[in-house]
S.K.: 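I have a structure here, written as structure tokens, and I will follow up with some questions on it.
These numbers were taken from a predicted model, which means no experiment stands behind them.
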Amino acid sequence: MIRAISSMATREVLAELAELYRRKPGAGVAIESIGGVEAARRIRAGEAFDVAVLADEAMASLESEGRVVRGTRVAVATSGVAVAVRADSAAPDIGTAGAVRKAILAASSIGYSTGPSGVHLARLFESWGIAEAIKSRTVQTPPGVPVGTLVASGEVEIGFQQLSELVHQPGIQVVGLLPPEIQVTTTFSGGICVTSSQHEAARAWLTFITAPETGDVKRRHGMEPTS
């Protein structure tokens, strides 16, 4: 049994892929999905994992630091940033960058994450010159807390996060992806941790989750395959 750690963005897709993988003779994987920042911290602290699946930027840093075996990093899937409101709310217009900006300025509260999507939103607010104007109305969720839960509870009126983290959240409606001119697509990559003593088994798991045959599973969970 190999031990894997991942960010929340890949939790659902990896859970389904792990279930499929366990049907193979002798194959087994246990996955812990938490906030990406916390996952990277634990890897850096030397906690024993066989495989990590995080945003590619984080994986590249861990590889350069010698925490991920060099040359094992491989792209698993991609996901764009989506917009969500409560299930019983009217969907705002998000067809253009200007429409998204207008929806944000009109919202009583805005939620975003500490992950790659949150970093992108913070930069977007700054570039639009509205960061200070909306500061008192923005809520950045702690690592591992889905933005969708705040949207569903009514704590925030409009939320932004990876589509893969919103698509299965009850109590919300996913309005759609950010328009192309302000969209950012995050690549999530996997790699073998230096703490692993099961490199062959870890490599087999990475081969499985990056196979073209897993494409439909990834799309079902709001992600796109990279192969």
S.K.: Tell me, which pairs form a salt bridge (Lys or Arg N to Asp or Glu O under 4.0 Å) where one or both residues lie in residues 155-167, sequence neighbours left out?
M.R.: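 Those involving residues 155-167 do not exist here.
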S.K.: Hey, does the side chain of Thr96 reach the backbone of Ala99 with a donor-acceptor pair shorter than 3.5 angstrom?
M.R.: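 Answer holds: yes.
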S.K.: Hey, is the main chain of Thr78 close enough, under 3.5 Å, to the side chain of Glu224 for a donor-acceptor pair?
M.R.: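 Judged by distance alone, no pair lies under 3.5 Å.
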S.K.: Can you tell me how far apart OG1 (Thr72) and CD1 (Ile192) are? Round to the nearest 0.5 Å.
M.R.: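 Rounded to the nearest 0.5 Å, the OG1-CD1 separation comes out at 5.0 Å.
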S.K.: So, are Glu12 and Arg220 salt-bridged, with charged N and O less than 4.0 Å apart?
M.R.: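 No, Glu12 and Arg220 are not salt-bridged.
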S.K.: Mind checking ring pair (Phe, Tyr, Trp, His ring centres under 6.0 Å) for His221 and listing every partner two or more places apart, or none if nothing turns up?
M.R.: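 Partners of His221 under the ring pair (Phe, Tyr, Trp, His ring centres under 6.0 Å) test: His168.
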S.K.: When Ile, Leu, Val, Met, Phe, Trp and Tyr are grouped by side-chain heavy atoms lying under 4.5 Å apart, directly or through other members, which residues fall in the same group as Met1?
M.R.: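 Same cluster as Met1: nobody, lone residue.
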S.K.: What's the spacing between Arg11 CZ and Glu16 CD if we round to 0.5 Å?
M.R.: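 Answer for the CZ-CD pair, Arg11 versus Glu16, is 14.0 Å.
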S.K.: Rounded to the nearest 0.5 Å, what's the gap from CD1 on Ile31 to OG on Ser6? Could you check?
M.R.: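 Separation between the atoms: 6.5 Å.
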S.K.: I'd like to know if the side chain of Gln169 and the backbone of Pro146 have a donor-acceptor N/O pair within less than 3.5 Å.
M.R.: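 Not confirmed, Gln169 side chain does not pair with Pro146 backbone.
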S.K.: Show every salt bridge (Lys or Arg N to Asp or Glu O under 4.0 Å) that has at least one partner inside residues 91-105, sequence neighbours left out.
M.R.: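 Listed by first then second residue: nothing to list.
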S.K.: Hey, quick one: are Leu14 and Ile34 part of the same hydrophobic cluster, counting side-chain heavy atoms closer than 4.5 Å, chains of contacts allowed?
M.R.: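 Different clusters.
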S.K.: Just how far is it from atom CZ of Arg70 to atom OG of Ser64, taken to the nearest 0.5 Å?
M.R.: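 So the gap between those two atoms works out to 7.0 Å.
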S.K.: To the closest 0.5 Å, what do you measure between NZ (Lys218) and OG1 (Thr10)?
M.R.: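 The distance works out to 10.5 Å.
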S.K.: Using the salt bridge (Lys or Arg N to Asp or Glu O under 4.0 Å) rule, collect all pairs that involve residues 113-138, keeping only residues at least two apart or in two chains.
M.R.: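 Listed once each, the pairs would be none.
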S.K.: Do Val51 and Val217 land in one hydrophobic cluster if side-chain heavy atoms of ILVMFWY residues count as linked below 4.5 Å?
M.R.: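 Linked within one cluster.
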S.K.: State whether the side chain of Thr185 and the backbone N or O of Gly80 hold a donor-acceptor pair below 3.5 Å, judged by distance alone.
M.R.: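 Checked: no pair found.
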S.K.: Could you walk me through whether Thr226 and Val76 satisfy the side-chain contact (heavy atoms from CB on, under 4.5 Å) test, starting with their C-alpha distance in whole Å, then the side-chain angles of each, then the deciding distance to 0.1 Å, before giving a yes or no?
M.R.: CA-CA 6 Å; Thr226 56; Val76 175; 5.6 Å; no
S.K.: Specify the closest pair of heavy atoms between Pro170 and Ala152, including all atoms of both residues, with the distance to one decimal.
M.R.: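 Nearest pair, atom of Pro170 first, then Ala152: O-CB, 3.5 Å.
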S.K.: Who passes salt bridge (charged side-chain N to carboxylate O under 4.0 Å, His left out) against Glu57, sequence neighbours left out?
M.R.: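 Not a single residue meets the salt bridge (charged side-chain N to carboxylate O under 4.0 Å, His left out) criterion with Glu57.
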S.K.: Output a table of donor-acceptor pairs, distance under 3.5 Å, between side-chain atoms of residues 39-49 and any protein atom two or more places apart or on a different chain; print 'none' if there are none.
M.R.:
unit_1: Arg41; atom_1: NE; unit_2: Glu38; atom_2: OE1; d: 2.9
unit_1: Arg41; atom_1: NE; unit_2: Glu38; atom_2: OE2; d: 3.4
unit_1: Arg41; atom_1: NH2; unit_2: Glu38; atom_2: OE2; d: 2.7
unit_1: Arg42; atom_1: NE; unit_2: Glu47; atom_2: OE1; d: 2.9
unit_1: Arg42; atom_1: NH1; unit_2: Glu32; atom_2: OE2; d: 2.8
unit_1: Arg42; atom_1: NH2; unit_2: Glu32; atom_2: OE1; d: 3.0
unit_1: Arg42; atom_1: NH2; unit_2: Glu32; atom_2: OE2; d: 3.4
unit_1: Arg42; atom_1: NH2; unit_2: Glu47; atom_2: OE2; d: 2.8
unit_1: Arg44; atom_1: NE; unit_2: Glu65; atom_2: OE1; d: 2.7
unit_1: Arg44; atom_1: NE; unit_2: Glu65; atom_2: OE2; d: 3.3
unit_1: Arg44; atom_1: NH2; unit_2: Glu65; atom_2: OE2; d: 3.0
unit_1: Glu47; atom_1: OE2; unit_2: Arg3; atom_2: NH2; d: 2.9

S.K.: Return the set of residues passing salt bridge (charged side-chain N to carboxylate O under 4.0 Å, His left out) with Arg73 (not counting sequence neighbours), or none when no residue passes.
M.R.: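 So Arg73 forms a salt bridge (charged side-chain N to carboxylate O under 4.0 Å, His left out) with Asp56, Glu63.
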S.K.: Could you note down all residue pairs passing ring-ring contact (aromatic ring centres under 6.0 Å, His included) where residues 53-79 supplies at least one of them, sequence neighbours left out?
M.R.: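 Listed by first then second residue: nothing to list.
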S.K.: Which atom pairs, one a donor and one an acceptor, fall under 3.5 Å between side chains of residues 199-209 and the rest of the protein, sequence neighbours left out?
M.R.:
unit_1: His199; atom_1: NE2; unit_2: Ser196; atom_2: O; d: 3.2
unit_1: Thr207; atom_1: OG1; unit_2: Arg203; atom_2: O; d: 2.9

S.K.: Do Val68 and Leu54 belong to the same hydrophobic cluster, where Ile, Leu, Val, Met, Phe, Trp and Tyr are linked whenever their side-chain heavy atoms lie under 4.5 Å apart, directly or via other members?
M.R.: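 Yes.
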S.K.: Check whether any side-chain N or O of Ser164 sits under 3.5 Å from a backbone N or O of Ala9 as a donor-acceptor pair, and report yes or no.
M.R.: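 Here the side-chain-to-backbone pair exists.
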S.K.: Please write out which residues are connected to Phe125 in a hydrophobic cluster, directly or through intermediates, given that two of Ile, Leu, Val, Met, Phe, Trp, Tyr count as joined at side-chain heavy-atom separations below 4.5 angstrom.
M.R.: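 So far as hydrophobic clustering goes, Phe125 is joined with Val81, Val83, Val85, Ile94, Val100, Ile104, Leu105, Ile110, Tyr112, Leu121, Leu124, Trp128, Ile130, Ile134, Ile158, Phe160, Val175, Leu178, Ile182, Val184.
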S.K.: Would Gln162 and Thr186 count as a side chain to side chain donor-acceptor pair (under 3.5 Å) here? Give the steps.
M.R.: CA-CA 8 Å; Gln162 301 291 339; Thr186 299; 3.3 Å; yes
S.K.: Rounded to the nearest 0.5 Å, what separation is found between the OG atom of Ser153 and the CD1 atom of Ile172?
M.R.: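 Interatomic distance, Ser153 OG to Ile172 CD1, rounded to 0.5 Å: 11.0 Å.
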S.K.: Consider only side-chain heavy atoms of I, L, V, M, F, W and Y, link residues closer than 4.5 Å, and tell whether Tyr21 and Val13 are in one cluster.
M.R.: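 Yes, Tyr21 connects to Val13 through the hydrophobic network.
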S.K.: Tell me who clusters with Met8, hydrophobic residues only, linked when side chains sit under 4.5 Å apart either directly or through other members.
M.R.: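 Taking Ile, Leu, Val, Met, Phe, Trp and Tyr as members, Met8 stands alone, with no cluster partners.
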